[in-house]
K.L.:
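Shown below is the structure under consideration.
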Amino acid sequence: MLETLSQILASESPRASITVRGWVRTKRDSKSCSFLELTDGSCFKGLQGVVDAGLPCAELLPRILTGTSVEVVGALIDSPAPGQKWEVQVHDLKILGEADASYPLQKKGHTPEFLRTIAHLRPRTNLFGSVFRVRSKMAFAVHRFFQERGFFHVHTPIITSSDCEGAGEMFRVTTQKPNVPTKPEEDFFGRPTYLTVSGQLQGEAFACALGNIYTFGPTFRAENSNTARHAAEFWMIEPEMAFYDLFADMTLAEENVRYLVQAMMSECPDELEFFNKFVDKALISRLQQTLDKPFERISYSEAVELLLKSGRSFEHPVVWGEGLQTEHERFLAEEHVQGPVTIYNYPKAIKPFYMRQNDDERTVAAMDLLVPGIGEIIGGSQREERLDRLTTAMNAQGLDEETYRWYVDLRRYGSVPHAGYGMGFERLLMFVTGVSNIRDVVAFARTPGHAPY
RNA sequence: UCCUGAGUAGCUCAGCGGUAGAGCGGGUGGCUGUUAACCACUAGGUCGUAGGUUCGAACCCUACCUCAGGAGCCA
């Protein structure tokens, strides 16, 4: 395997000969030499190459503009100037691919809005390079968290026929031609099918067999929502645990968030420092606080009381039985608790059929984990394991029994208490990077009216 | 989908009724172990699109398009 910059920079002593392949970030010319700032994406840091004016390869320098890809051979030496530990004294230089003056990235700052329009080039910037290195590290940490705890990874289907939760518009999957009237039973799958909005229902089937499972994959919502927190395609982590009740569920969710924050801090220090400096100056202190302080838990009813007693005038009235609005959640997480907070036991009427009914007959065992700046990062519940209660709830919400027959079977045969949650992976990334727009933590974001790649 | 704001050079922006501007980036020259280098010169624009008002519109009005921020829905 070829050596990456990340490996080269980890050197403990000078080396007579190294080879660096990467892109030129900037070039600075001096009379006796030129300085090339090289990056290869393997880590946040770059390496400065020094090309003496007398070298034969120095003739290439006029053709090297920002963005040019090069192969550099030279000696890794202690840098005599402040600003970097190492530099490479160039012996030979090869241009792999030129980049002319139309290359849109400059060394000066670009707005994220502009960079979104060149999503194929933006991972070459400090900001987006950092975001996507972190995204990879976090994805692996998600698997590690569950695997270390004996959870099994289940690959639930992307194409589904159950319009789970009745929560939101779905993307239709079909092979039928437009403008040709055909029946769903004549379609590819013999029935209407959609891109999944959640793997939860299938996840429950596996939890009721393997015990503790999780899914981690793409999910799709055809909602016309235009916000910094919504995308039409996003990744979700959905653990499902047999024999867990709501409180065990909440505990796992909190540990999960804390584990990932810890991973961010210990595995991505350079990126973290960059985000803290240029994206969100309160990032490190907020993450540290997340680790230091236990997460608070407030029941929905208590939360309503708190909001009513806060003396705040909210744009949306606070009424028991209504969902908490964004401004309410922000108040709870950012002002009242000033940290992550779990709200639990929501009114039955505003939650889907599968959540377990509490003894009070008016709430269900649901929970949302709210974090400052983002809002809901996790939503979960204990599932209704009692056959009669489940079918009653299904009927009340007008669901087709035939479609959910297999799901009801889980209660018919050896039903067990179980619980789970869904964590929005992009929202987690926003939380640990401080990046405020979901479009900037997705490689090629899909939002309403926007799928150019 | 609703509300608000913005679209001027490749990028970031100023100009807000009277000849289209700056910084960065590009080119040329100079200087310098430089590090968002520096200095001088230079090229670069149907002022989002289409109408309208006016002697005259980047600027005022209308519609549309695009983007952003906020809201709803949620992860």
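Since this is a predicted model, take the numbers as computed values, not measurements. Naming convention: chains lettered A, B, ... in sequence-line order (proteins, then strands); numbering from 1 in each chain.
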K.L.:
Kindly say if A:N437 contacts the phosphate of B:G69, meaning a side-chain N or O under 4.0 Å from OP1 or OP2.
P.N.:
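It does, given that an N or O in the side chain of A:N437 lies less than 4.0 Å from OP1 or OP2 of B:G69.
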K.L.:
Which one is paired to B:G7, where only Watson-Crick or G-U wobble pairs with both distances under 3.5 angstrom count?
P.N.:
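Check on B:G7: paired to B:C65, both distances under 3.5 Å.
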K.L.:
Look at the side chain of A:T403 and the backbone N and O of A:L399, then say whether any donor-acceptor pair between them is shorter than 3.5 Å.
P.N.:
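Absent.
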K.L.:
Between the base of B:G33 and the side chain of A:E87, is there a donor and acceptor pair under 3.5 angstrom?
P.N.:
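It does, because a donor-acceptor pair links the side chain of A:E87 to the base of B:G33 below 3.5 Å.
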K.L.:
How far, in whole Å, is B:C47 from B:C16 if one measures between their C1' atoms?
P.N.:
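Result for the C1' pair: 12 Å, nearest Å.
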K.L.:
If I pick the C1' atom on B:G48 and the same atom on B:A36, what distance separates them, to the nearest angstrom?
P.N.:
30 Å
K.L.:
May I ask you to verify if any side-chain N or O of A:Q84 is less than 4.0 angstrom from the OP1 or OP2 atom of B:U34?
P.N.:
no
K.L.:
Would you say A:F425 stacks on B:A75, if stacking means ring centres under 5.5 Å apart and planes within less than 30 degrees?
P.N.:
no
K.L.:
Whom does B:A36 pair with, Watson-Crick or G-U wobble, provided both distances fall under 3.5 Å?
P.N.:
none
K.L.:
With respect to the phosphate group of B:C67, does any side-chain polar atom (N or O) of A:H450 fall under 4.0 Å of OP1 or OP2?
P.N.:
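Answer is yes, contact under 4.0 Å.
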K.L.:
Under the 3.5 Å rule, do the base of B:C11 and the side chain of A:H110 count as making a donor-acceptor pair?
P.N.:
no
K.L.:
Within the pair A:T219 and B:A75, is there a side-chain N or O less than 4.0 Å away from OP1 or OP2?
P.N.:
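Negative; the distance criterion is not met.
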K.L.:
In Watson-Crick or G-U wobble terms, both distances under 3.5 Å, what is the partner of B:A75?
P.N.:
none
K.L.:
Say we look at B:A20 and B:C64: how far apart would their C1' atoms be, to the nearest angstrom?
P.N.:
26 Å
K.L.:
For the side chain of A:E327 and the backbone of A:H316, is there at least one donor-acceptor N/O pair under 3.5 Å apart?
P.N.:
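Yes.
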K.L.:
Nearest to the side chain of A:L65 - B:G26, B:U35, B:C74?
P.N.:
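Nearest to the side chain of A:L65 among the choices is B:G26.
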K.L.:
Between B:C38 and B:U34, how far is it from one C1' atom to the other, in whole Å?
P.N.:
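Straight-line distance between the two C1' atoms is 10 Å.
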K.L.:
State the pairing partner of B:C55; accept Watson-Crick or G-U wobble contacts with both distances under 3.5 Å, and report none otherwise.
P.N.:
B:G18
K.L.:
Start at the 5' end of RNA chain B and walk down; is the nucleotide closest to A:G83 or to A:R330 reached first?
P.N.:
A:G83
K.L.:
Sticking with atom P, work out how far B:A57 lies from B:A40, rounded to a whole angstrom.
P.N.:
37 Å
K.L.:
Under 3.5 Å, is there a donor on one side chain and an acceptor on the other for A:E148 and A:Y259?
P.N.:
yes
K.L.:
Reading RNA chain B from 5' onward, which residue's closest nucleotide shows up sooner: A:G379 or A:P80?
P.N.:
A:P80
K.L.:
For a quick check under 3.5 Å, do A:R229 and A:N437 share a side-chain donor-acceptor pair by atom type?
P.N.:
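There is no such pair between these side chains.
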K.L.:
Tell me whether the side-chain N/O atoms of A:S102 come closer than 4.0 Å to OP1 or OP2 in B:G10.
P.N.:
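For B:G10, OP1/OP2 do not have a side-chain N/O of A:S102 under 4.0 Å.
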K.L.:
Provide the Watson-Crick or G-U wobble partner of B:G44, both distances under 3.5 Å; none if there is no partner.
P.N.:
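The answer is none; no pair meets the criterion.
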K.L.:
Could you report the tightest heavy-atom contact between A:P14 and A:D78, atom names first, then the distance?
P.N.:
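Reported closest heavy-atom pair: CG-OD2, 4.0 Å.
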